[in-house]
Amino acid sequence: MLKANIAVFCSGGGTNLQALLDAQAAGTLRSGRIALVLASTPEAYALERAKKAGVPAAVCSRREIGSQEAFEAAIRKALSAHDIHVIVLAGFLSILSEDFTRCWPGRILNIHPSLIPAFCGKGMYGLKVHEAALARGVKITGATVHLVNEIPDGGPIVLQRAVEVLPGDTPEILQRRVMEQAEWVLLPQAAELLCAQIVKGEDKQ
Ligand code: GAR
């Protein structure tokens with residue numbers, strides 16, 4: 001295998017997807033190729049980014065499809081149609097069952113906007129994470145990329161980076177700083193690390 005095929009799962013703006021696309025264009029993401037963008041809603045701006053970059057996209061909406069089984073069957077179909085080796089969860093807000101994640105051991109990365117184990121787990125996503133960090137009064141927060149297993153935000157940590165909380169921060173301002181200083185740097189690096197291992201046959205699967 002020359003490159004690992006990556007599927008990026010998104011639900012919203014897709015700035016982390018953009019960071020991956022930019023890294024691919026710059027050649028820093030070289031062991032993997034973004035082969036599919038999968039959105040959980042047709043409104044996700046990530047779909048526009050995929051279109052602009054010429055990357056195939058699919059929409060699998062849990063709400064529109066109905067059951068979790070049918071939702072995951074649709075995802076599996078899209079993944080096999082594009083011969084995907086690695087899944088990157090980049091702000092994907094739909095829940096994936098244990099049955100699903102068990103089929104991809106060591107092959108799913110997730111980006112979370114805090115220093116795990118702080119401010120993570122069930123119900124902690126997006127702005128809520130930064131609201132919780134500000135409410136607790138931490139002076140340092142950051143982002144984590146980890147491998148996904150059956151425990152929400154509980155899989156092995158791949159990369160982490162710390163970011164300062166500054167006086168006057170709102171959740172929105174802090175979110176932006178964490179994205180700029182940590183998420184957009186870490187996610188392409190982690191994707192390259194995992195894809196390089198897979199290409200060399202050194203991953204643990
Ligand atoms: C990012 O901040 C990501 O870390 C977070 O959602 C945002 C998606 O933004 N993910 C989580 O909170 C997962 N628990 P994006 O669509 O612009 O990449």
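Counting convention: from 1, in listed order, for ligands and their atoms alike.
Of the protein's non-hydrogen atoms, Met179 CE, 3.5 Å is the one closest to atom 9 (O) of ligand 1. The protein non-hydrogen atom at the shortest distance from atom 14 (N) of ligand 1 is His112 ND1, 3.1 Å. Scanning the protein heavy atoms around atom 8 (C) of ligand 1, the nearest turns out to be Gly91 CA, 3.7 Å.
Nearest heavy atom pair, residue Thr141 against residue Leu115, reads O-CD1, 3.4 Å. Here the closest non-hydrogen pair linking Cys60 and Leu38 is SG-CD1, 4.0 Å. Between Leu194 and Gly106, the closest heavy-atom pair is CD1-O, 3.5 Å.
At least one N or O atom of Thr15, backbone or side chain, sits closer than 3.5 Å to an N or O atom of ligand 1. Between Gly14 and ligand 1, a contact under 3.5 Å exists for at least one N or O pair. The shortest N or O to N or O distance between Asn16 and ligand 1 is under 3.5 Å. For ligand 1, the polar-atom distance check against Asp153 finds no nitrogen or oxygen pair separated by under 3.5 Å. In terms of polar-atom proximity, Gly126 is counted as a contact of ligand 1, with an N or O under 3.5 Å from an N or O of the ligand.
In the candidate list Pro113, Ala39, Ala90, Cys120, Pro113 is nearest to atom 5 (C) of ligand 1, counting heavy atoms. Among Val129, Val178, Leu127, Ile111, the residue whose heavy atom lies nearest to atom 10 (N) of ligand 1 is Ile111.
Annotation for ligand 1: atoms under 4.0 Å from non-hydrogen atoms of Tyr125 are 12 (O), 14 (N). Shown in contact with Met124 at under 4.0 Å from a heavy atom are these atoms of ligand 1, numbered in order with element: 14 (N).
With Arg177 contributing its side chain and Val163 its backbone, the two residues share no donor-acceptor pair below 3.5 Å. Remark: side-chain polar atoms of Ser61 are not paired, donor with acceptor, to backbone N or O of Thr41 under 3.5 angstrom. For the pair Asn5 (side chain) and Asp83 (backbone), a donor-acceptor distance under 3.5 Å is present.
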- Task: Determine, stepwise, if the pair Trp184 / Asp22 fulfils side-chain contact (heavy atoms from CB on, under 4.5 Å).
- Result: CA-CA 10 Å; Trp184 301 340; Asp22 293 348; over 6 Å; no

- Would Ile87 and Phe100 count as a side-chain contact (heavy atoms from CB on, under 4.5 Å) if you check the C-alpha gap in whole Å, the side-chain angles of each, and the deciding distance to 0.1 Å? CA-CA 12 Å; Ile87 298 171; Phe100 182 91; 3.9 Å; yes

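Only the side chain of Glu183 comes within contact range of ligand 1, with a heavy atom under 4.0 Å; no backbone atom does.
In this structure, Ser67 OG and Glu72 CD are separated by 9.0 Å, a value rounded to the nearest 0.5 Å.
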